[in-house]
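Before any comments, here is the structure.
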There are 2 protein chains.
Amino acid sequence: MSPQISQQDRTDAPGALLTPAEVASMFRVDPKTVTRWAKAGKLSAIRTLGGHRRYSEAEVRGLLHGVPQPRDAEV
Amino acid sequence: MSPQISQQDRTDAPGALLTPAEVASMFRVDPKTVTRWAKAGKLSAIRTLGGHRRYSEAEVRGLLHGVPQPRDAEV
DNA sequence: ATTCAGTAGGGTAATTGGGGGA
DNA sequence: CCTGTCCCAATTACCCTACTGA
């Protein structure tokens, strides 16, 4: 009964997380630039226990589309 | 060995993006001119979170080939 | 435990955006 | 009508070393 999602399915999960390199390649910028966006608060990011940042794929895709943040599920 | 394609080759990905300098170099014009094209709606562009523009390589190549893109609203 | 790529951190150079004029 | 260049300020890219993640 543990609806445990396989870690390999993270690319399909609603809360999919992207690495800095992934986001950087989507925007055609340097990974350091993505880090700068996170520091500037332009992009929300969570930190691993070691201090590395992970970004929400949903948020990144929204930004790429020029769509404001779909904070809520738009049905 | 195996011609394995990486997850995402920036220049090969469907959403490959080009920097203003790249597009300018391809057209032999000034980056500012490319910016004017984007402002005039002749070229579609997405913006980084910092405001810089990134252009679709597919669209640019189509324009270079003289292939009218479906985003042209001219007569 | 080890290797290796990726990431964080700071600092500096290059590019870009915007307006204006030639 | 279109393009190249000037100014400025802001953003981004690359340099380095040390640590994390797999």
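All values reported here derive from a predicted model rather than from experimental measurement. All heavy atoms count here, side chains included; hydrogens, waters and symmetry mates do not. Below, chains carry the letters A, B, ... as their sequence lines are ordered, and counting in each starts from 1.
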Exercise. Reading nucleotides 8-20 of chain D from the 5' end, what letters show protein touch, with B for base, S for backbone sugar-phosphate only, - for no heavy atom under 4.0 Å?
Worked result: ---BBBSB----B
For this session: Rounded off to whole Å, could you give me the NZ-to-C1' distance for the B:K39 and D:dC1 pair?
Result: 16 Å
Exercise. Near B:R28 CZ, under 6.0 Å, is it more than 12 heavy atoms from other residues, nucleotides or ligands?
Worked result: no
Problem set entry | Heavy-atom closest pair, residues A:K39 and A:R53 | CG-NH2, 3.7 Å
Exercise. In whole Å, what is the span from the OH atom of B:Y55 to the C1' atom of C:dT15?
Worked result: 12 Å
Exercise. Are OP1 or OP2 of C:dA8 and a side-chain N or O of A:R53 less than 4.0 angstrom apart?
Worked result: yes
Seminar exercise, completed: As its Watson-Crick or G-U partner within any shown strand, both distances under 3.5 Å, C:dA22 has D:dT3
For this session: To the nearest 0.5 Å, tell me how far A:R36 CZ sits from A:D30 CG.
Result: 8.0 Å
For this session: Measure the distance from CD on A:E22 to C1' on C:dT7 and round it to the nearest whole Å.
Result: 14 Å
Seminar exercise, completed: All heavy atoms of B:M26 vs all of B:L64, minimum pair found to be CE-CD1, 3.4 Å
Problem set entry | Heavy-atom closest contact (A:V34 atom, A:P20 atom, distance) | CG2-O, 4.1 Å
Problem set entry | Heavy-atom pair with the smallest gap, counting every atom of A:Y55 and A:L43 | CD2-CD2, 3.4 Å
